[in-house]
Amino acid sequence: MATSGTDPAAIQGPARVPLSRRHMLRMGAAAAGGAVLVGSAEAASAQAAPVGAKRVLRAPALAPGDRVRVVSPGSAPDPTNMACGIEILRSWGLEVELGRHVFTRYGYLAGTDAQRLADLNAALTDPGVRAVFAARGGYGTQRIVDQIDVSVLRRDPRVVVGFSDITSIHGKLWRETGLVTFYGPMVNWSDARTGPESAEALRRAVMTTAPVTISRDPAETAASVVVPGRASGPLLGGCLTLISTSLGAEDSPKFDGAILFFEDVDEAPYSIDSMLTELRRVGVLRRVAGVVIGQITNSVGEPGEWDAAAVLKDRLYDLGVPVLGGLRLGHGDGQLTVPLGSRATIDATAGTLTVEPGVRPRQA
């Protein structure tokens with residue numbers, strides 16, 4: 001897998017709560033300091049006000065011969081899976097380099113905070129590196145995200161790719177620089193989960209200037225979650241756990257007028273309820289223009305309780321904005337790639353999300 005979403009920690013949670021990345025993040029933060037509603041066909045008429053003007057930065061599209069760097073900002077990858085991912089990147093003509101501590105292990109992390117941060121900052125500031133690919137997610141980016149060096153990106157933007165725990169890095173770079181980044185598979189590649197279609201979607205996203213269109217997949221857990229309507233705005237978000245645990249921190253973007261995208265793995269329905277309720281209470285969900293739901297993977301509840309789709313309907317259907325579930329974005333099989341920060345249009349009636357290109361044409 002590109003990332004499992006479950007951290008190899010030996011700490012035991014409460015009896016009913018399975019150990020997950022969310023509980024690891026919550027513990028880290030502490031150490032540092034009923035019917036389902038029916039969607040409305042008129043939802044689009046109550047959209048939030050558009051987000052204020054923000055300079056959007058796009059890196060040049062990648063091309064054969066470009067140097068790209070693979071780093072491990074969170075957990076360490078599997079060497080066999082990494083070899084597969086590196087071969088895919090090389091097949092596109094890219095020159096692949098590895099950060100010094102990609103395979104280092106420090107507890108459940110890929111090296112100490114200082115080591116992981118040094119590798120990430122080196123990749124973000126080296127003028128010869130045209131893209132930064134995360135080796136895997138797991139856990140660890142929130143421990144270093146506040147010290148990321150963004151100074152070079154403002155004048156020399158580059159492609160940044162990753163998902164899951166890398167959500168924190170996406171949010172930080174957008175908030176500080178307006179850089180469009182990519183939520184897609186990482187180099188810790190698994191053909192069983194991310195096959196040729198996933199590889200081609202990633203290649204097209206970072207090596208061409210074609211817009212990205214993703215259609216609802218009826219087989220996905222959240223495919224029945226739909227509030228008809230259309231809305232446009234910058235596509236922002238990522239893993240729901242990371243969105244929730246970043247609120248109030250420097251890696252939490254402003255979602256006003258945005259299309260909020262989220263997905264998650266290994267979270268019980270009541271946990272998804274808790275995180276969405278938090279977003280409601282702090283006002284995030286009152287200010288978005290629309291909601292896109294990716295892959296809700298391995299969300300298992302108690303017998304007789306709501307499943308994940310029922311929770312999503314209960315928490316989202318009364319927002320007065322279009323909602324589209326069932327997109328293959330996240331931890332599930334057949335994961336696709338989408339630019340974060342680019343202007344997106346959600347057409348929940350048609351079941352499509354269309355996003356403007358995440359890269360710009362290369363200069364001659």
**Prompt:** Just by distance, do the side chain of D273 and the backbone of V311 share a donor-acceptor pair under 3.5 Å?
**Reply:** no
**Prompt:** Less than 4.0 Å between a side-chain N and a carboxylate O, is that true for E250 and K172?
**Reply:** yes
**Asked** Are more than 12 heavy atoms from other residues, nucleotides or ligands located less than 6.0 Å from atom OH of Y106?
**Response** no
**Message:** Side chains of T194 and L202, heavy atoms from C-beta outward: is any pair under 4.5 Å?
**Reply:** no
**Prompt:** Is a side-chain N or O of R328 found less than 3.5 angstrom from the main chain of D217, in a donor-acceptor match?
**Reply:** no
**Asked** Hey, are the side chains of I166 and V161 touching, using non-hydrogen atoms and a 4.5 Å cut-off?
**Response** no
**Asked** Under the 3.5 angstrom rule, does the side chain of D264 hit a backbone N or O of T241 as a donor-acceptor pair?
**Response** yes
**Item:** salt bridge (charged side-chain N to carboxylate O under 4.0 Å, His left out) partner of D318, chosen from K313, R280, R286
**Value:** R280
**Asked** Any side-chain donor-acceptor pair under 3.5 Å between S342 and R58?
**Response** yes
**Request:** Of all the heavy-atom pairs spanning P228 and T349, show the shortest one and how long it is.
**Result:** CB-OG1, 3.5 Å
**Message:** Ignoring hydrogens and geometry beyond distance, is a side-chain donor-acceptor pair present between N188 and D78 at under 3.5 Å?
**Reply:** no
**Request:** Start with the C-alpha gap between M82 and L98, add the side-chain angles, then the distance that decides, and say whether side-chain contact (heavy atoms from CB on, under 4.5 Å) holds.
**Result:** CA-CA 10 Å; M82 277 283 286; L98 299 184; 4.1 Å; yes
**Prompt:** Any salt bridge between D119 and R100, counting N to O under 4.0 Å?
**Reply:** no
**Item:** Side-chain heavy atoms of L327 within contact of F261, under 4.5 Å
**Value:** no
**Message:** Restricting to non-hydrogen atoms, name the atom on V225 and the atom on A309 that form the minimum distance, rounded to 0.1 Å.
**Reply:** CG2-O, 3.9 Å
**Asked** Are any side-chain N or O atoms of R158 and backbone N or O atoms of V132, one a donor and one an acceptor, separated by less than 3.5 Å?
**Response** no
**Fill in**
Nearest heavy-atom approach of V71 to A123 is CG1-CB, 4.1 Å
**Prompt:** After noting the C-alpha distance and the side-chain angles of V355 and I259, does the key distance pass the side-chain contact (heavy atoms from CB on, under 4.5 Å) rule?
**Reply:** CA-CA 10 Å; V355 191; I259 304 297; over 6 Å; no
**Asked** When the ring centroid of H331 is compared with that of F163, is the distance short of 6.0 Å?
**Response** yes
**Asked** Any side-chain heavy atom of P64 within less than 4.5 Å of one from M207?
**Response** yes
**Asked** Is it true that R67 and E95 make a salt bridge, defined as a side-chain N closer than 4.0 Å to a carboxylate O?
**Response** no
**Asked** With side chains defined as the heavy atoms from C-beta onward, is the minimum distance between V323 and I293 less than 4.5 Å?
**Response** yes
**Item:** Donor on one side chain, acceptor on other, S252 and R175, under 3.5 Å
**Value:** no
**Prompt:** Would you say W174 and L340 make side-chain contact, with heavy atoms under 4.5 Å?
**Reply:** no
**Request:** Could you tell me whether R154 atom CZ has more than 12 heavy atoms of other residues or ligands within 6.0 Å of it?
**Result:** yes
**Prompt:** Salt bridge between E278 and R281, side-chain N to carboxylate O under 4.0 Å?
**Reply:** no
**Prompt:** Is V152 linked to V159 within one hydrophobic cluster, defined over Ile, Leu, Val, Met, Phe, Trp and Tyr using a side-chain heavy-atom separation of less than 4.5 Å?
**Reply:** no
**Prompt:** Quick one: does L285's side chain get under 4.5 Å of R315's, heavy atoms only?
**Reply:** no
**Request:** Of all the heavy-atom pairs spanning A344 and L353, show the shortest one and how long it is.
**Result:** CB-CD1, 3.9 Å
**Asked** When hydrophobic residues are tied together by side-chain contacts of less than 4.5 Å, even through go-betweens, does V300 share a cluster with L276?
**Response** no
**Item:** Distance (rounded to the nearest 0.5 Å) between Q147 CD and L117 CG
**Value:** 6.0 Å
**Asked** So which heavy atom on V70 is nearest to which on A134, and how close?
**Response** CG1-C, 4.4 Å
**Message:** What verdict does the side-chain contact (heavy atoms from CB on, under 4.5 Å) test give for L336 and E197, after you've listed the backbone C-alpha separation in whole Å, the side-chain angles of each residue and the deciding distance to 0.1 Å?
**Reply:** CA-CA 8 Å; L336 302 175; E197 185 181 5; 4.3 Å; yes
**Request:** Applying side-chain contact (heavy atoms from CB on, under 4.5 Å), run through T221 and S299 and close with a yes or a no.
**Result:** CA-CA 9 Å; T221 299; S299 179; 5.7 Å; no
**Under 3.5 Å side-chain donor-acceptor pair for Q115 and T104** = no
**Item:** Criterion side-chain hydrogen bond (donor to acceptor under 3.5 Å, both in side chains) against Y183, the qualifying member of E263, H170, Q335
**Value:** E263
**Asked** Is the count of non-hydrogen atoms from other residues, nucleotides or ligands lying under 6.0 Å from R204 atom CZ greater than 12?
**Response** no
**Asked** What pair of heavy atoms forms the shortest contact from T167 to G237, and how long is it?
**Response** CG2-O, 3.7 Å
**Prompt:** Are the side chains of R230 and P322 in touch, meaning some heavy atoms are under 4.5 Å apart?
**Reply:** no
**Any donor-acceptor pair under 3.5 Å from R193 side chain to G332 backbone** = yes
**Side-chain donor/acceptor of S246 to backbone N/O of S168, under 3.5 Å** = no
**Flag for S232-T345: side-chain donor and acceptor within less than 3.5 Å** = yes
